[in-house]
Amino acid sequence: MTDRRRYYLTTAIAYPNNRPGLHTLYEVIGADVLARRHRMAGDETRFLTGTDEHSVNIHQRAQELGLETRDFIDGMVRLFRDAEDALLIAPDRFIRTTDPDHRRASQEMVRRAFANGDVYQGSYEGWYCPNEGFRNLTDLIEEADGVRCPNHPDVPLQWLTEHNWFFRLSRYADRLLAWYAENPGVVEPEYRKNEMIAFIRNGLEDISISRETFSWGIPFPIRADGSEAVLPDGTPDPSAGVIYVWFDALINYITGAGFPDDPDAFARWWPADLHIVGKDINRFHTIIWPAMLMSAGLEPPRKVWVHGWLLTGGERMSKSRGNFLDPHDIVRTFGPDGARYVTLREVAFDKDTEVSWESFVRRYNADLANDFGNLLNRSLSMTGRYLDGERPAPGMGGPLAAAWPGIVGRYVAALEGCLLHEALGVLWEFVGAANRYVDAEAPWTLAKSAKAGDADAEGRLRVVLGDLLEACRLIVFAVAPYLPAAAPRAAEQLGIAWPYGPDGNGGPPVDGLLRWGAGPAGGTIGGAAPLFPRLETEPAPAG
RNA sequence: GGCGGGGUAGCUCAGUGGCAGAGCAGGGGACUCAUAAGCCCUUGGUCGGUGGUUCGAAUCCGCCCCCCGCUACCA
């Protein structure tokens with residue numbers, strides 16, 4: 001085993017009932033940036049993402065389409081993986097809750113909670129809408145002839161009683177509150193933690209963790225009498241029902257760390273350093289999940305980051321509304337790097353943000369084509385023209401050298417605080433400073449004087465271009481987690497070897513390369529070619 | 001209803017008692033290395049409304065209007 005720092009991060013797993021939209025992959029892109037940052041920083045990094053496949057909706061959807069459930073989800077999962085590949089997302093494992101090791105992990109978690117006295121048999125009853133499931137009493141519409149579901153007033157509600165297993169969540173209120181109190185920053189942003197504290201203080205009820213009426217799921221491992229739910233031929237006893245999808249879904253995070261098959265791996269990777277989740281599933285990750293872990297005698301995660309939604313026209317982007325952006329459209333127009341950049345620059349990682357195709361085009365042109373792409377291109381072009389492509393050493397006393405340490409410090413701090421949009425904003429302050437430096441020094445004027453025999457101008461020209469190429473090098477290495485394909489190409493243009501693999505592993509700790517003057521001495525640049533061609537038209541995709 | 005967040009330039013937002021700001025978009029200019037990009041200058045705002053406190057309020061207090069989140073088993 002190595003003594004490198006390890007870093008384990010996860011996204012929520014998506015339920016693959018449809019092709020994925022940008023609003024679904026948004027957090028996966030963000031997590032991929034953080035994973036690449038940690039790999040390049042030299043941390044032994046594990047990045048887990050995947051799909052949540054035991055939903056009843058998925059089973060029903062497959063039946064509507066006349067497909068075997070497994071065949072249906074295999075096709076859907078293919079769409080997720082294709083979209084993630086197009087966005088250059090490189091997880092260390094893509095977990096599916098139908099994976100065999102996940103079945104073992106989930107059943108083991110039920111056994112542990114049961115052994116700890118936290119699982120008991122009970123019943124759940126209430127008004128059931130055939131289209132939506134159980135409805136809360138306060139949501140129902142009262143009609144003269146009875147109560148109705150607000151979303152499906154024409155469908156009669158049924159009063160159903162489900163016998164199933166419950167988890168004693170109510171037992172964990174004090175321990176959860178203590179966990180929040182003793183671990184500042186364990187749930188961020190702060191207001192998301194406060195919502196959960198209010199929820200807990202309102203009183204926690206036990207939650208049901210099994211379903212007896214469904215067969216699509218992980219077999220519940222225990223019978224009512226407490227015996228192992230296995231038939232004489234070794235197959236699961238169907239009368240024991242299945243584990244409720246939410247209980248098994250959360251467990252993917254420890255399955256992905258090696259639980260329970262590989263104790264050494266699990267000891268290395270657990271607890272997770274970061275769970276990235278959407279605000280709609282905050283409660284599951286910051287109340288239910290830690291309680292499940294506590295019950296099993298395992299540590300809760302070190303941090304849960306709760307992000308917001310992408311909005312369009314003030315409404316949440318979603319598949320059901322049909323107002324989502326297709327990742328493939330975005331990759332086709334902006335390229336994989338541009339797609340990642342505009343998404344993470346335009347959307348604040350800590351709250352809801354309004355986005356549009358037009359805002360993405362504006363951001364791409366302004367930041368990538370005009371500011372950064374052009375900076376790289378003009379710096380290389382002048383080096384080729386004035387110095388025959390020879391790469392001069394940077395000066396140590398210029399304004400860019402002075403500004404860089406502050407920039408990189410704030411940049412890394414923003415990344416560590418999961419403020420991915422802000423990190424880019426900080427880095428682009430430096431891009432702006434470099435562009436202003438070009439105009440302030442006017443290398444074309446220095447070049448004319450140098451050609452006329454002015455030795456001072458010649459020396460000055462070399463320092464200015466050295467500074468600009470060094471600024472470009474630093475930006476490229478810093479921004480590489482966001483622009484994983486463009487960064488090596490930019491390095492090639494700068495004539496600098498790229499020491500990292502396609503997923504960010506394999507090179508030296510990047511912080512050593514993020515110091516002014518840490519680039520290779522001497523050498524020549526490669527060719528200059530625009531990395532981010534300006535978009536002259538705004539071809540909004542149809543539909 | 002209760003608790004919490006918010007309403008500032010055309011757009012996205014920063015700004016917690018001292019001359020209303022940034023980026024983008026719009027307009028003008030000088031330059032020319034560059035992807036007609038970059039640089040400089042600039043138009044633009046009853047800071048949701050209203051009443052107070054204060055020498056002074058986007059900022060503090062009261063009331064009102066509007067938007068959003070949480071208020072448990074769709075996931």
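As the structure is a computational prediction, the values presented were derived from the model and not from experiment. In the text below, chain A, chain B and the rest are named by the order of the sequence lines, each starting its count at 1. Just the heavy atoms: all of them, side chains too, but no hydrogens, waters or symmetry mates, feed the values below.
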With a 4.0 Å cut-off on heavy atoms, is [X] in touch with a base, just the backbone sugar-phosphate, or nothing at all?
X        : value
A:Gly203 : base
A:Asn17  : nothing
A:Leu204 : base

Whole angstroms only, please: what is the [atom1]-[atom2] distance between [X] and [N]?
X        : N     : atom1 : atom2 : answer
A:Phe284 : B:C73 : CZ    : P     : 9 Å
A:Glu422 : B:G15 : CD    : P     : 10 Å
A:Asn202 : B:G2  : CG    : P     : 14 Å
A:Arg211 : B:A75 : CZ    : P     : 6 Å
A:Leu376 : B:A37 : CG    : P     : 18 Å
A:His59  : B:C74 : NE2   : P     : 18 Å
A:Tyr191 : B:G6  : OH    : P     : 10 Å
A:Trp216 : B:A75 : CH2   : P     : 15 Å

What distance, rounded to whole Å, do you find between the two [atom1] atoms, one in [N] and one in [M]?
N     : M     : atom1 : answer
B:A57 : B:G18 : C1'   : 10 Å
B:U8  : B:U59 : P     : 14 Å
B:C3  : B:U46 : C1'   : 32 Å
B:A30 : B:A36 : C1'   : 16 Å
B:A37 : B:A20 : P     : 35 Å
B:U12 : B:G17 : C1'   : 27 Å
B:G38 : B:G5  : C1'   : 40 Å
B:A9  : B:U43 : C1'   : 11 Å

- Please round to the nearest 0.5 Å and tell me the distance separating atom CD1 of A:Ile288 and atom CZ of A:Arg283.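 Reported value, rounded in 0.5 Å steps: 6.0 Å.
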
- Message: Rounded to the nearest 0.5 Å, what separates atom CD1 in A:Ile209 from atom CH2 in A:Trp165?
- Response: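 The CH2 atom of A:Trp165 is 8.5 Å from CD1 of A:Ile209, to the nearest 0.5 Å.
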
- Compute both the distance and the angle, then confirm whether A:Arg81 meets the cation-pi test with A:Phe94: under 6.0 Å from the six-membered ring centre, within 45 degrees of the axis.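 Here A:Arg81 passes the 6.0 Å and 45° test against A:Phe94.
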
- Query: Should the pair A:Arg211 and A:Tyr244 be classed as cation-pi, given the thresholds of under 6.0 Å to the six-membered ring centre and 45° from the axis?
  - Reply: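 Yes, a cation-pi geometry.
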
- Sidechain N-carboxylate O distance under 4.0 Å for A:Arg462, A:Asp467: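 Salt bridge between A:Arg462 and A:Asp467, a charged N being under 4.0 Å from a carboxylate O: no.
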
N/O to N/O distances under 3.5 Å, protein versus nucleotides 42-45 of chain B:
none

- Message: Taking the nucleotide of RNA chain B with the nearest heavy atom to each, does A:Arg436 or A:Glu346 sit closer to the 5' end?
- Response: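 So the residue in question is A:Glu346.
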
- With the sugar-phosphate defined as primed atoms, P, OP1 and OP2, and the base as all remaining atoms, what B/S/- string results for nucleotides 25-36 of chain B, 5' to 3', for protein heavy atoms under 4.0 Å? -------SBBB-

- Message: Under the side-chain hydrogen bond (donor to acceptor under 3.5 Å, both in side chains) definition, can you give me all pairs with a residue in residues 439-448 of chain A, not counting sequence neighbours?
- Response: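 Only A:Glu441-A:Arg460 qualify under side-chain hydrogen bond (donor to acceptor under 3.5 Å, both in side chains).
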
Identity of whatever pairs with [N] - Watson-Crick or G-U, under 3.5 angstrom:
N     : result
B:G4  : B:C68
B:A37 : none
B:G18 : B:C55
B:G62 : B:U50
B:C24 : B:G10

In terms of the angle between their ring planes, are [X] and [Y] parallel, tilted or perpendicular, with boundaries placed at 30° and 60°?
X        : Y        : result
A:Trp305 : A:Phe349 : parallel
A:Tyr364 : A:Phe532 : perpendicular
A:Tyr411 : A:Tyr482 : tilted

- Item | Residue A:Asp52, side-chain heavy atoms: nucleotide from B:G38, B:A72, B:A75 that is nearest |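 Of the options given, the side chain of A:Asp52 lies nearest B:A75.
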
- Query: Has the side chain of A:Thr333 got a donor or acceptor atom that lies under 3.5 Å from a matching backbone atom of A:Ile330?
  - Reply: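 No; judged by distance alone, with no hydrogens or angles, the pair does not exist.
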
- Query: Which residue, A:His54, A:Glu53, A:His59, forms the side-chain hydrogen bond (donor to acceptor under 3.5 Å, both in side chains) with A:Thr69?
  - Reply: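 Filter result, single survivor: A:His59.
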
